[in-house]
Amino acid sequence: FGKGAFCSPDDATREEALRLTSEAIDLAGETGAQMIIWPGIEGYNYPFQTPYSESWARFVDGVGQVASACAERGVTLFLEHKNSEPAMKIFMRNVGMTLHVIHKLRAQGIDNVLVNMDWQHLIMNGENLAEYAALLAAEGLLGHQHANSGWGTFDDDNMVGATAFMETLELAVELRRAGYGAGGERLGFDLYPYTEDAVGAVKRSVLQWRFIDGIAAKLDGAELREAQQRLEGARNDRLRRDVADAVRRAEMHPEHAALDDGGAARGQALGVEGRRITRLSELVEALPNALAESRPILFDVVVDGSFTPV
């Protein structure tokens, strides 16, 4: 499929692509799953290489055949865009082109197609995560989510919240406003841990998303909505500082120089909960939830004989 699958100029190649996709649809129907199409090979690499109108028509027709087959099996089809790789210019390379495909299909009466937002793909395009989530939700097109992060120049598929933290936090607010999850929607993770343990990267992403979503739950109140209605960026800067303060809520207490009953007594003296941590992994697991709940805890961190109250 080096020169395309649904858009391939070779009829035999195109039919094979449709046949393989049909098998995937059957599997989705049998298992109660949904279907994602990421048409990464549908595009071109050079100027004057592609007859655009004809190739686009074959591509849209192919997606339409797939969507119709999905509908027969009770499967929802999600379309995922990306600007390049493996094709240098993927046809469906931004949200606008994705909506173009969906609206062409709706004109044919095919309405079981939604958008799969891969966050890093949007970041690569300079597309605002929260804005597009809000627009898609308003049109009833907000589909599955591929959660990740990256530097913005390549499809890094890094852990959630590792970069673009504020953008991800704003997205969490919009997903809550859209009621995402109320209808059984799930947050998926599209990660490629180049140097990290794969299971650890997923676990870290789950914890960081819970942390981000927990902040979003407390951030999205009357004050934020009022500031947004007034387009008050400076006022929102204060809200953003509140978020930064929540991240830094664990404070050092260097005056506590001796170990006692796991921090409980000192925690009680300070009016907070006290715990003793003997593995850093325990702190990693406990801290995001404590921060998300705005619940201060004094942690006695005791690792390799070294004691640090946090």
Side-chain angles (χ1 to χ4, degrees), residues 21 24 28 31 33-42 63 66-67 70 75-87 90-99 101-102 112-137 139 141-176 178-181 183-194 196 198-213 216:
T21 306
T31 58
Q34 310 303 335
M35 181 84 174
I36 295 176
I37 287 184
W38 166 62
I41 200 60
E42 315 285 5
V63 175
V66 170
C70 284
V75 173
T76 300
L77 179 63
F78 301 111
L79 297 184
E80 176 181 335
H81 73 275
K82 184 182 178 184
N83 59 8
S84 67
E85 189 205 14
I90 296 174
F91 286 141
M92 204 177 71
R93 58 184 173 271
N94 54 45
V95 167
M97 288 176 162
T98 307
L99 293 177
V101 174
I102 291 175
N112 63 320
V113 183
L114 305 176
V115 176
N116 180 67
M117 285 181 54
D118 183 297
W119 300 354
Q120 173 59 8
H121 292 181
L122 274 79
I123 292 170
M124 289 168 65
N125 278 349
E127 295 172 312
N128 187 334
L129 299 175
E131 180 181 13
Y132 282 106
L135 291 175
L136 292 172
E139 297 297 320
L141 295 174
L142 182 63
H144 190 56
Q145 302 289 307
H146 273 178
N148 48 33
S149 71
W151 295 102
T153 57
F154 184 72
D155 193 15
D156 303 316
D157 288 338
N158 284 346
M159 292 175 283
V160 171
T163 54
F165 178 84
M166 283 297 186
E167 292 87 343
T168 307
L169 175 58
E170 187 185 24
L171 171 62
V173 169
E174 290 298 336
L175 290 178
R176 281 182 162 272
Y180 188 84
E185 299 89 353
R186 293 290 182 266
L187 189 76
F189 296 98
D190 186 347
L191 307 174
Y192 197 104
Y194 289 86
E196 293 73 34
V199 175
V202 174
K203 182 177 182 179
R204 169 53 39 200
S205 292
V206 171
L207 291 172
Q208 291 182 178
W209 173 251
R210 287 177 177 172
F211 174 50
I212 291 169
D213 185 54

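Atoms considered below: every heavy atom in the structure, side chains included; atoms not considered: hydrogens, waters and symmetry mates. In this text, all values refer to a predicted model and were calculated from it rather than measured experimentally.
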CD of E139: more than 12 outside heavy atoms within 6.0 angstrom? no
Give me the atom names and distance for the closest heavy-atom approach of P86 to I41. CG-CD1, 3.8 Å
Pair K82 + D118: basic N to acidic O under 4.0 Å: no
Is a donor on one side and an acceptor on the other found under 3.5 Å between the side chain of S205 and the backbone of V160? yes
Check: E170 side chain, A130 main-chain N or O, donor-acceptor pair, under 3.5 Å: no
Flag the pair D213 / R210 as yes when at least one side-chain heavy-atom distance between them is below 4.5 Å, and no otherwise. no
Can you measure from CG (D155) to CG (D190) and round to the nearest 0.5 angstrom? 7.0 Å
Compare all side-chain heavy atoms of L142 with those of L175 and state whether any distance is below 4.5 angstrom. yes
Could you go step by step and tell me if M124 and D156 meet the side chain to side chain contact (heavy atoms under 4.5 Å, CB included) rule? CA-CA 10 Å; M124 289 168 65; D156 303 316; over 6 Å; no
I'd like to know if the side chain of T163 reaches the main chain of G150, judged simply by a donor and an acceptor atom lying under 3.5 Å from each other, with no hydrogens or angles considered. yes
Might you point out which heavy atoms bring Y180 and G143 nearest each other, and give the distance in Å? CE1-O, 3.1 Å
Can you tell me how far the CZ atom of F78 sits from the CG atom of N112, to the nearest 0.5 Å? 10.0 Å
Stepwise side chain to side chain contact (heavy atoms under 4.5 Å, CB included) test for V206 and F189: CA-CA 9 Å; V206 171; F189 296 98; 3.8 Å; yes
Of L114, N116, V113, which is the lone residue that meets side chain to side chain contact (heavy atoms under 4.5 Å, CB included) with L77? V113
Is the backbone of L187 close enough, under 3.5 Å, to the side chain of Q145 for a donor and an acceptor to pair up by distance? no
No-hydrogen, no-angle side-chain donor-acceptor test under 3.5 Å, N83 and H121: no
Q34 and A28: which non-hydrogen atoms are nearest, and at how many Å? O-CB, 4.1 Å
Side chains of Y192 and N148: does their closest heavy-atom pair fall under 4.5 Å? no
Measure the shortest side-chain to side-chain distance between F91 and H81 over non-hydrogen atoms and say whether it is less than 4.5 angstrom. no
Can a donor-acceptor pair be found between the side chains of E80 and H146 at a distance below 3.5 Å? yes
Any chance you could lay out the side chain to side chain contact (heavy atoms under 4.5 Å, CB included) test for V63 and M92, step after step, and finish with the verdict? CA-CA 11 Å; V63 175; M92 204 177 71; over 6 Å; no
Smallest heavy-atom separation, I123 atom then A164 atom, equals CD1-CB, 4.1 Å
Between E127 and V95 (side chain of the first, backbone of the second, donor and acceptor by atom type, cut-off under 3.5 Å), is there such a pair? yes
Check whether any side-chain N or O of D157 sits under 3.5 Å from a backbone N or O of Q120 as a donor-acceptor pair, and report yes or no. no
Looking at every heavy atom in both G181 and E185, which two are closest together, and how far apart are they? N-OE1, 2.8 Å
Distance, nearest 0.5 Å, that separates CG of L122 from CD of E131: 10.5 Å
When you measure from the side chain of S149 to the backbone of M159, do you find a donor-acceptor pair of N or O atoms at a distance under 3.5 Å? yes
If you define the side chain from C-beta out and look only at heavy atoms, does anything of Y132 sit under 4.5 Å from L171? no
Within a strict 4.5 Å, meaning less than it, do heavy atoms of the T168 and W209 side chains meet? yes
Can you tell me how far the CG atom of L129 sits from the CE atom of M117, to the nearest 0.5 Å? 5.5 Å
Show your working on side chain to side chain contact (heavy atoms under 4.5 Å, CB included) between L136 and L99 and close with a plain yes or no. CA-CA 9 Å; L136 292 172; L99 293 177; 3.9 Å; yes
Would you call Q208 and F165 a side-chain contact if the rule is heavy atoms closer than 4.5 Å? no
